[in-house]
Amino acid sequence: MYALVDGNNFYASCERVFNPALRHKAIVVLSNNDGIIIARSNEAKALGIKMGTPTFEIKDLIARQEVIAFSSNFALYGDMSRRMMHIFEDFTPDIEVYSIDEAFLDFSGFKQIDLKQTGIDLRRKVLKYIGIPVSVGFGPTKTLAKIANRIAKKYMKNGVALIDTPEKIEKALKMTPIDDVWGIGRRYTRFLQHHQVQTAWDFTRLPDAFIRKNMSVNGLRTKQELLGTVCIPMAYHPEPRKAIRTARTFAQTKSSYDELAEAISTFAATCARKLREQGSAANLVTVFIRTNKFDKKNPYYANNFTLQVNATSSSINLIKAAKTALQIIFKKGLNYKKAGVLVSGLIPETHRQLSLFDDQNIVKHKRLMQTIDQLNNSAGVSVVKFAAEGNFPLLQAAKKHPASSNTICWYNAKQYQSYVYVIKK
DNA sequence: TCTGGGGTCCTAGGACCC
DNA sequence: TCTGGGGTCCTAGGACCC
């Protein structure tokens with residue numbers, strides 16, 4: 001048996017932990033730039049606020065304080081998540097961290113265990129030590145555990161549901177709308193409803209050939225999982241990412257190349273840092289930019305360009321490549337609303353092929369990056385960054401006074417069109 | 001009129017997840 | 001006025017190989 005455990009309204013619950021006065025209040029958590037709603041407490045859901053609602057659509061509710069809105073704080077949520085996962089590990093060592101707020105727990109080694117009681121204990125423990133309410137669903141496959149979790153959340157006062165017999169499977173499938181099945185998204189929901197499939201149970205009545213033809217092998221896996229046959233194995237140890245992406249929607253559009261280049265450089269540096277964190281190097285760098293897709297008055301422009309690089313995790317190399325790609329797709333006279341950098345073709349850093357042209361720099365870059373990472377990690381924030389990233393008011397001062405009191409090191413790496421400098425904490 | 005057979009690799013697009 | 005960010009997998013089709 002597997003359990004799916006997830007934090008109820010996770011981001012909203014995290015905010016609540018630190019402000020108990022918010023209990024029973026309608027609260028929402030907003031995206032980057034406070035653009036849309038990305039999490040809601042039950043009370044906010046009851047007000048009819050949907051996921052993804054643009055914030056401006058509920059600004060009256062916020063102004064009247066009927067809804068309390070928070071800007072997102074992902075550092076906090078990540079920390080809460082780690083602590084929550086740690087508690088899960090007290091119940092079984094075999095866990096798969098599936099997302100920031102949920103994990104699959106493998107209980108197949110526990111033959112004599114009272115799962116229902118285990119779920120209740122787990123819930124109580126997380127609530128006590130972390131302060132986050134969780135729901136626990138048990139099932140013989142991950143897909144059924146997901147369904148059990150939904151039932152736990154919706155109908156069970158103790159937050160725990162167990163699907164462990166053929167009778168319970170059938171009952172659970174019949175009470176689960178097709179769009180609540182893990183693996184069935186918007187498109188397939190529409191398609192299936194068109195074929196008179198309303199519930200998970202209806203779906204399991206479809207012929208395999210029909211599912212295979214219209215929904216690929218994944219659809220078939222979902223059907224088997226719903227019937228109790230494991231097709232989606234546990235992933236106990238996270239694989240290294242195959243692509244890493246950093247992108248932002250801008251609060252204010254950017255139209256000049258320089259402004260955009262600074263943003264792109266920041267994204268590239270972030271990608272580079274994430275690459276180093278997981279010990280990978282990238283062979284491909286993609287840059288994309290787009291204007292406001294909601295703007296009906298002006299023509300929409302979106303483009304991307306991918307450059308091949310010698311496998312690297314150096315911020316310097318990646319910033320340089322990203323800026324080159326940007327030059328190719330940048331068009332003057334447009335107001336850009338969103339931009340991003342994607343690094344892919346990732347390989348383990350240790351497998352990196354030495355190239356004739358850059359092996360001189362690899363060692364230098366490596367030491368520089370290590371030093372920068374150490375400084376930034378120990379400070380907890382970005383105290384060292386590249387001048388190409390811009391947005392650094394001290395840059396001008398540092399240029400004028402390389403040895404000013406708040407500057408302990410000033411390094412101008414002209415050949416990379418970038419600067420590195422270190423500010424005293 | 002009629003034009004082999006078998007394979008790999010890569011990419012874009014479309015589906016899904018949180 | 002104001003609309004998120006970060007991933008994965010599968011498939012079809014094209015390029016290319018012998």
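In the text below, chain A, chain B and the rest are named by the order of the sequence lines, each starting its count at 1. These numbers were taken from a predicted model, which means no experiment stands behind them.
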Touch class at under 4.0 angstrom, heavy-atom based, for [X] against every strand present:
{"X": "T55(A)", "result": "nothing"}
{"X": "K146(A)", "result": "sugar-phosphate"}
{"X": "I244(A)", "result": "sugar-phosphate"}
{"X": "A243(A)", "result": "sugar-phosphate"}
{"X": "D101(A)", "result": "sugar-phosphate"}
{"X": "K242(A)", "result": "sugar-phosphate"}
{"X": "L30(A)", "result": "nothing"}
{"X": "V29(A)", "result": "nothing"}

Handout entry: Range on DNA chain C touched by chain A - first to last nucleotide, heavy-atom distance under 4.0 Å
Key =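 Listing 5' to 3', DNA chain C meets chain A from dC2(C) to dT11(C).
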
Handout entry: Verdict with reasoning, S71(A) to D34(A), per side chain to side chain donor-acceptor pair (under 3.5 Å)
Key = CA-CA 6 Å; S71(A) 297; D34(A) 296 342; 2.8 Å; yes

Practice task
Evaluate the criterion ring-ring contact (aromatic ring centres under 6.0 Å, His included) for residue pair Y2(A) and F138(A); output intermediate values, then yes/no.
Solution key: CA-CA 6 Å; Y2(A) 302 104; F138(A) 291 96; over 10 Å; no

Exercise for the section: Determine which bases of DNA chain B form Watson-Crick or G-U wobble pairs with both distances under 3.5 Å, and write the result as a 5' to 3' dot-bracket string with | for other-strand partners. Expected result: ....||||||||||||||

Distance only, no hydrogens: is a donor on one side chain within 3.5 Å (strictly under) of an acceptor on the other, for [X] and [Y]?
{"X": "E349(A)", "Y": "S313(A)", "answer": "yes"}
{"X": "T53(A)", "Y": "R40(A)", "answer": "no"}
{"X": "N376(A)", "Y": "D373(A)", "answer": "no"}

Side-chain donor/acceptor pairs under 3.5 Å, residues 3-18 of chain A, sequence neighbours excluded:
from: D6(A); atom 1: OD1; to: N149(A); atom 2: ND2; distance (Å): 3.3
from: D6(A); atom 1: OD1; to: K153(A); atom 2: NZ; distance (Å): 2.8
from: D6(A); atom 1: OD2; to: K153(A); atom 2: NZ; distance (Å): 2.8
from: N8(A); atom 1: OD1; to: S135(A); atom 2: N; distance (Å): 3.4
from: N8(A); atom 1: OD1; to: S135(A); atom 2: OG; distance (Å): 2.8
from: N9(A); atom 1: OD1; to: K45(A); atom 2: NZ; distance (Å): 2.6
from: N9(A); atom 1: ND2; to: N42(A); atom 2: OD1; distance (Å): 3.1
from: S13(A); atom 1: OG; to: N8(A); atom 2: O; distance (Å): 2.6
from: S13(A); atom 1: OG; to: N9(A); atom 2: O; distance (Å): 3.2
from: E15(A); atom 1: OE2; to: Y77(A); atom 2: OH; distance (Å): 2.7
from: R16(A); atom 1: NE; to: L22(A); atom 2: O; distance (Å): 3.1
from: R16(A); atom 1: NH2; to: K25(A); atom 2: O; distance (Å): 2.7
from: R16(A); atom 1: NH2; to: E43(A); atom 2: OE1; distance (Å): 2.9

Exercise for the section: Nearest-nucleotide wise, let me know which of T246(A) and E57(A) is further upstream toward the 5' end of DNA chain C. Expected result: E57(A)

Handout entry: Upstream residue (5' side of DNA chain C) when F56(A) and R248(A) are each assigned their closest nucleotide
Key =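 Looking at DNA chain C, the more 5' nearest nucleotide goes with F56(A).
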
Problem - Pair W182(A) and F203(A), ring centroids less than 6.0 Å apart - result: no

Practice task
Could you walk me through whether N317(A) and T312(A) pass side chain to side chain donor-acceptor pair (under 3.5 Å), step by step?
Solution key: CA-CA 7 Å; N317(A) 293 342; T312(A) 183; 3.1 Å; yes

Practice task
Would you name the heavy atoms of Q278(A) and R241(A) that are closest together and state the gap between them?
Solution key: OE1-N, 2.8 Å

